[in-house]
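A, B, ... follow the sequence lines: proteins, then strands. Residue 1 opens every chain.
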Amino acid sequence: MTPGSVLPQDFYARDPKAVARDLLGKVITRGRVAARIVEVEAYLGERDPGSHAFRGPTHRNATMFGPPGFLYVYFTYGMHWCANVVCTTEGEAGAVLLRAGAPLSGLATMRKRRPAARRDLDLCSGPAKLCEALGITGRDDGTDLRGGPIRIVDDREPAPPRRTSPRIGLAAGRGDHHRWRWYVPGDPNVSGPKGVGARTARRQWTERPRAGYPGEQRA
DNA sequence: ACCGGGATGTTCT
DNA sequence: GAACATCCCGGTG
């Protein structure tokens, strides 16, 4: 993997939907562990019923209201961490949820952190899995993505193919109809809806592999 | 393969 | 007391 350049703050100081789209294909790193981002979701802040910031600032979502280019990490379902990238400007709470990645390097470390993963395909194929593989916890909330332990870099690979879909896991009426999820079609690490109709829905959302995209992993 | 349900604790009603 | 931006395991076909 080429070294790559850290994404500048300007990259994050935009509408979360634009940031989400442009984050596909970028690389998140922690030490020697790295994954290519293949699935994200945009959350628009106080005007988005699906966002943690919908009801204004709280202790939990404070980082979202800070400057762009920082990591917002939250705890959910009593046992999982999820990581977001803070967008727009200080005082606004736009963010992008990192939902899945394709393992690039440090796979041995990932496997150690995620003993439940039976295949490499299970290492980063979900928001909480990605956090666990990269060792992201609440301690990393509020850290700078340009200079902290966790960084997002552009390794100058060509932009991957992109698709959109409704966001996953939102209750009805929480903005679940907006197509604010972006993913790389055909990448097997992309997470999908669980439960009834998963197979049909997954086909609809993930579709078929396209031209071989660098970093795309077939395990 | 495809489901169904349990785990587990913080946040907000 | 309910909801929750989830994951994993074990049952069944």
Original post:
Remaining members of A:Y77's ILVMFWY cluster at a side-chain heavy-atom cut-off under 4.5 Å?
Top reply: none

Original post:
Would A:T143 and A:D140 satisfy side chain to side chain donor-acceptor pair (under 3.5 Å), going step by step from the backbone distance to the final call?
Top reply: CA-CA 6 Å; A:T143 57; A:D140 301 303; 5.1 Å; no

Subject >> Rounded interatomic separation in angstrom, taking CH2 from A:W182 and C1' from C:dA5 >> reply: 15 Å

Subject >> Results of salt bridge (charged side-chain N to carboxylate O under 4.0 Å, His left out) for A:R113 - residues two or more places apart only >> reply: none

**OP:** Measure from the ring centre of A:Y74 to the centre of the six-membered ring in the base of C:dA5, then say whether that distance is under 5.5 Å and the planes meet at under 30°.
**Re:** no

**OP:** Starting from C1' on C:dT6, measure out to NZ on A:K129 and report it in whole angstrom.
**Re:** 9 Å

For residues 94-103 of chain A, dump all side-chain donor-acceptor pairs below 3.5 Å to protein atoms at least two apart in sequence or in another chain.
unit_1 : atom_1 : unit_2 : atom_2 : d
A:R99  : NE     : A:E39  : OE2    : 2.8
A:R99  : NH2    : A:S191 : OG     : 3.2

Original post:
Are A:R60 and A:Y72 in a cation-pi contact, defined as NZ or CZ under 6.0 Å from the six-membered ring centre and within 45° of the axis?
Top reply: no

**OP:** For A:F54 and C:dA3, give me the distance from atom CZ to atom C1', rounded to whole Å.
**Re:** 16 Å

**OP:** Round to the nearest Å and state the distance from A:L44 atom CG to C:dA5 atom P.
**Re:** 16 Å

**OP:** Rounded to the nearest angstrom, tell me the gap between atom CZ in A:R99 and atom C1' in C:dT6.
**Re:** 9 Å

Original post:
How would you list all residue pairs meeting ring pair (Phe, Tyr, Trp, His ring centres under 6.0 Å) that involve residues 79-109 of chain A, not counting sequence neighbours?
Top reply: A:F75-A:W81

Subject >> Spacing between A:I136 atom CD1 and C:dT6 atom P, to the nearest angstrom >> reply: 16 Å

Original post:
A:R114 or A:N84: which one's nearest nucleotide on DNA chain C is closer to the 5' end?
Top reply: A:N84

**OP:** Select base, sugar-phosphate, or nothing to describe what A:G50 touches, counting heavy atoms under 4.0 Å on all strands.
**Re:** base

**OP:** Please list, chain by chain and in numerical order, all residues satisfying salt bridge (charged side-chain N to carboxylate O under 4.0 Å, His left out) with A:D141, sequence neighbours excluded.
**Re:** none

Subject >> Upstream residue (5' side of DNA chain C) when A:A171 and A:D122 are each assigned their closest nucleotide >> reply: A:A171

Subject >> Between C:dC7 (C1') and A:L130 (CG): distance, integer Å >> reply: 14 Å

Original post:
Nucleotide by nucleotide, 5' to 3', does protein get under 4.0 Å of the base (B), only the sugar-phosphate (S), or neither (-) in nucleotides 6-12 of chain B, counting heavy atoms?
Top reply: -BBB-SS

Subject >> B:dC3 versus C:dA5 - spacing of their P atoms, nearest Å >> reply: 24 Å

So which protein nitrogen or oxygen atoms get under 3.5 Å of nucleotides 9-13 of chain C's nitrogens or oxygens?
none

Subject >> Members sharing A:M79's hydrophobic cluster (side chains within less than 4.5 Å) >> reply: none

Original post:
Which residues satisfy the side-chain hydrogen bond (donor to acceptor under 3.5 Å, both in side chains) test with A:R146, sequence neighbours excluded?
Top reply: A:D144

**OP:** If a pair satisfies side-chain hydrogen bond (donor to acceptor under 3.5 Å, both in side chains) and one of its residues is in residues 11-23 of chain A, list it, with sequence neighbours excluded.
**Re:** A:R14-A:D22, A:D15-A:K17

Subject >> Audit row: A:Y43, A:H52, ring-ring contact (aromatic ring centres under 6.0 Å, His included) steps and yes/no >> reply: CA-CA 9 Å; A:Y43 288 84; A:H52 287 170; 7.5 Å; no

Subject >> Fellow cluster residues of A:F70, listed by chain then number, with links counted only when side-chain atoms sit under 4.5 Å apart >> reply: none

**OP:** Taking Watson-Crick and G-U wobble pairs with both distances under 3.5 Å, convert DNA chain C into its dot-bracket string, 5' to 3', dots for unpaired and | for cross-strand pairs.
**Re:** ||||.|||||||.

Subject >> Length of the line joining A:R119:CZ and C:dC8:P, which is rounded to integer Å >> reply: 11 Å

